[in-house]
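Read through the structure below, which is laid out as structure tokens, and then see the notes.
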Amino acid sequence: MIEQKQQEIIEEFAFFEEWMHKYEHIIELGKEMKGLTEEEKKDDLLVAGCQSKVWLKASLEENGTVKIEADSDAIITRGLVALVVSVFNHETPHEILNANIHFMNDIGLVSNLSQTRSNGLAAMVKQILLYATVFQAQQKSN
Amino acid sequence: MIEQKQQEIIEEFAFFEEWMHKYEHIIELGKEMKGLTEEEKKDDLLVAGCQSKVWLKASLEENGTVKIEADSDAIITRGLVALVVSVFNHETPHEILNANIHFMNDIGLVSNLSQTRSNGLAAMVKQILLYATVFQAQQKSN
Amino acid sequence: MDNDTLQHKMRELKTQFPALNQTVYGRPLVYLDNAATTQKPQRVIDSISEYYSKWNANIHRGAHYLANASTEKFEATRSALAEMLHANFREEIIFNQGSTDSVNMLSTILENEVEEGDEIWVTEMEHHSNFVPWQMLALKKKAHFRYIPMLPSGEWDLDYAKNEITDRAKIVAFNWVSNALGTVNPIEELIRLAKSAGAYVVVDGAQAVAHFDINVQTLNCDFFLFSAHKMYGPTGLGVLWGKKELLEKLPPYRYGGEMIKKVSVTGTTFNVLPFKYESGTPNIEAVIAFNESISFCKEVGRENMHAHEYFLLKTATERLKEIERMTVYADIPNKVGVLSFNVEDIHSADIGTLLDQQGIAVRTGHHCTQPLWEKLGTTGSVRASFACYNTVEDVELFIAALNKSVNMLR
Amino acid sequence: MDNDTLQHKMRELKTQFPALNQTVYGRPLVYLDNAATTQKPQRVIDSISEYYSKWNANIHRGAHYLANASTEKFEATRSALAEMLHANFREEIIFNQGSTDSVNMLSTILENEVEEGDEIWVTEMEHHSNFVPWQMLALKKKAHFRYIPMLPSGEWDLDYAKNEITDRAKIVAFNWVSNALGTVNPIEELIRLAKSAGAYVVVDGAQAVAHFDINVQTLNCDFFLFSAHKMYGPTGLGVLWGKKELLEKLPPYRYGGEMIKKVSVTGTTFNVLPFKYESGTPNIEAVIAFNESISFCKEVGRENMHAHEYFLLKTATERLKEIERMTVYADIPNKVGVLSFNVEDIHSADIGTLLDQQGIAVRTGHHCTQPLWEKLGTTGSVRASFACYNTVEDVELFIAALNKSVNMLR
Ligand SMILES: Cc1ncc(COP(=O)(O)O)c(C=O)c1O
Ligand SMILES: Cc1ncc(COP(=O)(O)O)c(C=O)c1O
């Protein structure tokens, strides 16, 4: 499932020939994303490593999948965050932990977006994996 | 007089075509110099700035000229010290203070001998000028 | 020199900087991040290559040709700096790692000069490097950490300073030019105030040395510091000038080779200036190559540099103000070529990202001056900063790309 | 590899070092001052030129192409170093100015770990840079400054260490290889002793990194430090490795940009590793170019380097001993290619001067290890030190020139 979602994103971005259109799409995604409420955007949800701020919230759903919500104060980062959320949301901890995340490279996010920002995303992914690890442990001990 | 002594040294060194002979001559000068006694080679006579040690002693002679004695623990430095002493010894403070000291450059001491060492010699010359200044002041106040 | 002549003269400079002659993402690079670090002229790069190809040796203690040659070249830069700063003594010039290193050194060696209840002053606009070390020193010595407030215009509140700086002030440290806003501060007046209060005066010249002639004698400060990399020189090199009598009196900072006169198991005595403050193998390569940067600035003339950069600043500022909902910070006359701005409801990082895609290199964020932004009610800005090699075309490309970015983000 | 194959392989190296391909005073340069600083291969020089021609930008906080590119290259060297040292975490690698800087940093951040009456240990053969900072720390904290004596052979008196190092020892700091004598010390054993006494263990690897593979895990020290310029790298760059849990626990050292999380007028919080210890603009150029030195050493192989240098050492030592009234210091098997000697009644500086005239670069004097020479009853030596690019011909030229010099001086 995670792999399939990555493929869809890659295909979507292959469509854009110009950097401008790629970014317009990311900005669009950023505008569309539900994100977090102002009350939720607190320092304890902050993910380190970003020039712009990224907040991340994860919880275990009843059916055993992970619910991920996130936000950013910069719109481009927000769009990128939306992509990451769409890939990981509603997957099981097991699937998350075993996924090979490559779409960011494939759509040119790493080379084309700033190191600082992709580091921010890297930190976000790292944080999601951490949550998944904890949730998996919880599931096993239940 | 100082100028004349410098010219003599320059002529003397012009004689040597090879570095070896130049150094053999300097070593010879070092061996021949009377220098200071072991008791005189104390820290308060040390001149700063030398890799090898240089001791310097200056006094005002009855006829108003300056007597300079010096030594070094390294034989090449000792030879160079001998040259400096021979130029300044038994000159008046006035003559010393008004001299244009160029022989070290002219015989290739600065370019051909190490910076550290020529700095040591520079420090020695500086110290001699300092003594000369003091002696001149003493003479005037007498 | 009239402006046309000046523009003509400065236009040639860009060709001396190889890094400026390239494209990024297929677009010509427009480098407007000069307040972070300047590019280096070919002569500096060549000097480094030459050093490693011909002269490399450890300095000062050598008894051989290369060691003497590199020592001589190393010391020649010290002399050139003494001349550039109008220092009385060449041994007043201390080499270290950078401005941050200098301030940390000063805040350490001045430790015993500060007593409980004394005041240590900075300004609200300082770079963190000239803020945190003093804050920490105050904390350590139970001294009062105080600051001269910044007005909304980006200028110091000098009236406040006049009223509040008394003889309880032991140290007053401040930048000549703000790296975040580009404002040129009235340091002569603050130095006078601080000196008559009997305080040690530290001038952070990091953002000034590439634009103004400096005379530490007439400034009458106690310490003046800057980084080579912001003056067309190599990274990893700082210059600290200090009054000889102070540097002689104050304790050493780093202990090790070169700064030692005599070491034994029972005790150690220290060397004279400048070696007292230069322990360990220094950044020899950078010191030697920096002499080329010094010559470069002298030959171009800082007056010309500043006039040219100021012209670019004014041109860009006018064009910028045509953009709707634009805030230009510190839009006052006394400035170097630093343009700090925000567009309402758009994050500075977003503008930076889209400018970058168009080949325009600017910096976004807090620029290591968080207290300043807190005062201005935000967290940072987009900062475009000009150097002598920038051109009017650079400004045009920047403004066009900015307009496009803002449209995309609205 | 047999010795012939090795000699053949190493012979090619010299061509990679432009500084070695020159004459001084009309004679071919024989550079035997490698313990002071090594020459740099062309790839390191090229990397510096490339950096300034293509990538130069201030790192970490940039939002543009060049800043990202240089940040990536900068961090790549950190990763390469983590691999080279077998560090568990790449953020355990801290960049600074040099070995001297590292020891000063450690002696400052460990300050609160030392109490009155505790013991701080070094050895009698330490470089001043790993001696004086600890001596000063002991003085400041009223701790006992103690040292492991050196035997006349140039080896540590380990029996003394075994008897005297007790749980009162808080810090034990020592070099792996002596810069003055070239002796390779039994650090594994001393680390074991010091760790079982519960002390912090600091290893000065300045003279080891160009000769031995390093594994900080199996060594089990707490801190390991060295300078790039002694490992075929640029000047002005030090590397400090420290155990993550310690670096996280200990206080910051230099305050300023980059090491800050949040600054305000009321207080400041610090950033995570490695930034906590890397304030201010670092020596970006040197860090990036140093990656080439790391590759160079890896490709040649430190085992090969050491074997080759050892062969040169043995050859030179044998020839040296043919000279009358010659004292070779530390003529023992466990050595790197450092040959330290004196000729009776001849000053080392005189030998150095005459060797220099013949194109042979050696170092003379105390080599920043005065306590060592005091123990050996003299004030210094002539030191010839070999690197991987030296050849048997270099040894021949050196010995011939030495014979000539000694004859002139007798
Ligand atoms: C054993 C040892 N430690 C420390 C140092 C100091 O290194 P640096 O001068 O690069 O700070 C040296 C350099 O001579 C050394 O040989
Ligand atoms: C005003 C000011 N002070 C200090 C610094 C710190 O300089 P460095 O990073 O070279 O130590 C900077 C650099 O950004 C600066 O702009």
Side-chain angles (χ1 to χ4, degrees), chain A residues 13 16-33 35-36 38 41-43 46-55 70-84 104-105 107-124, chain C residues 22-33 36-37 128 180 325 340-370 373-374 377-384 397 400-410:
Chain A
F13 273 82
F16 305 116
E17 279 172 14
E18 265 207 75
W19 70 270
M20 247 189 85
H21 299 137
K22 199 188 274 184
Y23 273 93
E24 278 169 352
H25 183 62
I26 293 170
I27 292 167
E28 207 49 51
L29 290 175
K31 285 183 180 160
E32 282 165 5
M33 184 173 74
L36 298 169
E38 287 309 312
K41 292 186 207 160
K42 281 191 226 104
D43 275 8
L46 260 183
V47 169
C50 310
Q51 202 188 21
S52 40
K53 289 179 184 166
V54 174
W55 296 270
D71 211 329
S72 171
D73 57 347
I75 192 72
I76 294 174
T77 313
R78 209 165 188 264
L80 298 170
V81 162
L83 285 177
V84 175
M104 286 188 281
N105 277 300
I107 66 173
L109 289 193
V110 172
S111 67
N112 239 4
L113 290 175
S114 82
Q115 171 77 12
T116 339
R117 188 152 300 112
S118 62
N119 273 350
L121 290 186
M124 182 182 169
Chain C
Q22 64 174 316
T23 57
V24 300
Y25 312 114
R27 283 147 191 275
L29 170 67
V30 177
Y31 185 77
L32 301 181
D33 194 16
T37 198
H128 294 168
R325 285 178 279 163
S340 208
F341 64 93
N342 268 321
V343 183
E344 209 179 307
D345 295 333
I346 301 184
H347 196 290
S348 63
D350 288 327
I351 294 180
T353 302
L354 295 184
L355 285 178
D356 178 42
Q357 285 295 319
Q358 297 170 82
I360 318 288
V362 299
R363 189 143 299 218
T364 62
H366 56 59
H367 320 301
C368 295
T369 57
Q370 288 179 337
W373 295 113
E374 208 166 304
T378 180
T379 57
S381 74
V382 184
R383 181 187 71 184
L397 287 168
L402 178 61
N403 273 303
K404 189 162 187 170
S405 308
V406 169
N407 287 336
M408 282 176 70
L409 289 164
R410 261 180 187 155

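Predicted, not measured: the structure shown is a model, and the values here were computed from it. Below, read A as the first sequence line, B as the second, and so on, with proteins coming before strands; counting in each chain starts at 1.
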(request) Please round to the nearest 0.5 Å and tell me the distance separating atom CE of A:Met20 and atom CD of C:Gln358. (result) 8.0 Å

(request) First locate atom CZ of A:Arg78, then atom CG of C:Asp350, and finally report the distance between them rounded to the nearest 0.5 Å. (result) 11.0 Å

(message) Taking atom CG as the centre, does A:Asp43 end up with more than 12 heavy-atom neighbours from other residues, nucleotides or ligands that are less than 6.0 angstrom away?
(response) no

(message) If I measure from the heavy atoms of chain A, does C:Leu354 come under 4.5 Å with its side chain, its backbone, both, or neither?
(response) both

(message) Using heavy-atom distances under 4.5 Å, tell me whether A:Ile75 contacts chain C through its side chain, its backbone, both, or neither.
(response) both

(request) Answer yes or no: does atom CD of A:Glu17 have more than 12 heavy-atom neighbours from other residues, nucleotides or ligands under 6.0 Å? (result) no

(request) Would you give the length of the straight line joining atom CG of C:Leu409 to atom CD1 of A:Ile76, rounded to the nearest 0.5 angstrom? (result) 5.5 Å

(message) Holding to salt bridge (Lys or Arg N to Asp or Glu O under 4.0 Å), I want the full list of residues that pass it with A:Glu28, two or more places apart in sequence or in another chain.
(response) none

(request) Nearest 0.5 Å please: distance from the OH atom of A:Tyr23 over to the CE atom of C:Met408. (result) 8.5 Å

